[in-house]
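Notes follow the structure.
Numbers for residues simply follow the sequence, beginning at 1.
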Amino acid sequence: MEVLLKRHTLTVDQYHQIFEAGIITEKDKVELVRGEIIAMSPKGSKHSFYVKRITDLFYERLRQQVVVSVQDPIQLDDYSESEPDIALSLPPLERYLDQHPKAKEVFLLVEVASSSLEYDKQIKLPLYAEAGIPEVWIVDIANREIIVAKNPDEGIYSSLVNYSVDNTLKLSIRDHAFSIPVAKILSTK
């Protein structure tokens with residue numbers, strides 16, 4: 001006898017209701033991906049170190065241009081609300097008092113990958129491309145490189161470039177451009 005299982009997918013609104021009811025709490029460290037609740041990897045000290053370093057660099061250079069969010073939800077569509085490590089979104093901050101940033105308000109998402117590299121590349125990157133996020137950085141700690149995805153088109157990024165510690169990243173947001181050496185991000189000093 002063949003048993004057919006039917007999955008029930010959640011909308012972002014239903015996902016929020018589950019949190020409001022206390023069934024899931026922030027301690028559970030989950031995110032909504034394509035209507036399914038996914039447990040996130042625990043964050044080790046290296047992961048946290050690099051998130052803090054990149055956040056400091058963005059605050060230092062872009063504080064007046066964008067809202068810098070750290071491990072906060074971004075609503076990608078009606079069925080996905082991810083929690084990237086860092087997001088640069090459209091200001092002012094007050095626009096997010098009653099809602100999380102939506103994909104169209106995001107300039108850049110950063111995922112720091114210590115144990116989540118394959119998940120970030122195979123699940124998160126297509127999800128972000130489908131949502132139209134213009135640029136995504138995956139900071140690959142183990143290989144000491146940053147994968148930069150740009151130009152989302154029909155669910156994929158048409159530009160995908162790996163930057164080593166010898167390279168410099170260029171970022172342009174709201175008429176403000178700056179360069180940042182990859183070594184400055186991936187250095188342990």
Original post:
More than 12 foreign heavy atoms under 6.0 Å from NZ of K43: is that the case here?
Top reply: yes

Subject >> Value rounded to 0.5 Å, distance of CD in E145 from OG in S164 >> reply: 8.0 Å

**OP:** Find out whether I86 and W137 are in side-chain contact, i.e. whether some heavy atom of one side chain is under 4.5 Å from a heavy atom of the other.
**Re:** no

Original post:
Once you round to the nearest 0.5 Å, how far does CG of D56 lie from CD1 of I185?
Top reply: 12.0 Å

**OP:** Compare all side-chain heavy atoms of L62 with those of L171 and state whether any distance is below 4.5 angstrom.
**Re:** yes

Subject >> No-hydrogen, no-angle side-chain donor-acceptor test under 3.5 Å, H16 and E81 >> reply: yes

Original post:
Is the CD atom of E118 crowded by more than 12 outside heavy atoms at less than 6.0 Å?
Top reply: yes

Original post:
Is the H176 ring parallel, tilted or perpendicular to the F178 ring (thresholds 30°, 60°)?
Top reply: tilted

**OP:** Verify the cluster assignment for V148 and I156: are they in a single hydrophobic cluster under the rule of side-chain heavy atoms below 4.5 Å apart?
**Re:** no

Original post:
How many angstroms lie between atom OG of S116 and atom CG of D85, to the nearest 0.5 angstrom?
Top reply: 7.0 Å

Original post:
Do L186 and Y50 touch side chain to side chain, with heavy atoms closer than 4.5 Å?
Top reply: yes

Original post:
Is there a path of hydrophobic side-chain contacts, each under 4.5 Å between heavy atoms of I, L, V, M, F, W or Y residues, that connects F49 with V182?
Top reply: yes

Original post:
Apart from L97 itself, which Ile, Leu, Val, Met, Phe, Trp or Tyr residues share its cluster (side-chain heavy atoms under 4.5 Å, direct or through members)?
Top reply: none

**OP:** Apply salt bridge (charged side-chain N to carboxylate O under 4.0 Å, His left out) to R34 and list each qualifying residue two or more places apart in sequence or on a separate chain.
**Re:** E130

**OP:** Starting from L117, walk the hydrophobic network (Ile, Leu, Val, Met, Phe, Trp, Tyr; side-chain heavy atoms closer than 4.5 Å) and list everyone else you reach, by chain and number.
**Re:** V33, I38, I74, L76, V106, L109, Y119, I123, L125, L127, Y128, I133, V136, I138, I147, Y157, L160

**OP:** Using a cut-off of 6.0 Å, state whether more than 12 heavy atoms not belonging to E60 lie near its atom CD.
**Re:** yes

Original post:
Between S159 (side chain) and N151 (backbone), is there a donor-acceptor pair under 3.5 Å?
Top reply: no

Original post:
Do V12 and D78 come close enough that some side-chain heavy atom pair is under 4.5 Å?
Top reply: no

**OP:** Nearest 0.5 Å please: distance from the CD atom of E105 over to the CD atom of Q99.
**Re:** 5.5 Å

Original post:
Distance from E111 atom CD to H47 atom NE2, nearest 0.5 Å?
Top reply: 7.5 Å

Original post:
How about R63 and V68: do any of their side-chain heavy atoms sit closer than 4.5 Å?
Top reply: no

Original post:
Atom OG1 of T11 and atom CG of L32: how far apart are they, to the nearest 0.5 Å?
Top reply: 8.0 Å

Original post:
Mind checking whether L108 and V66 have side chains closer than 4.5 Å, heavy atoms only?
Top reply: no

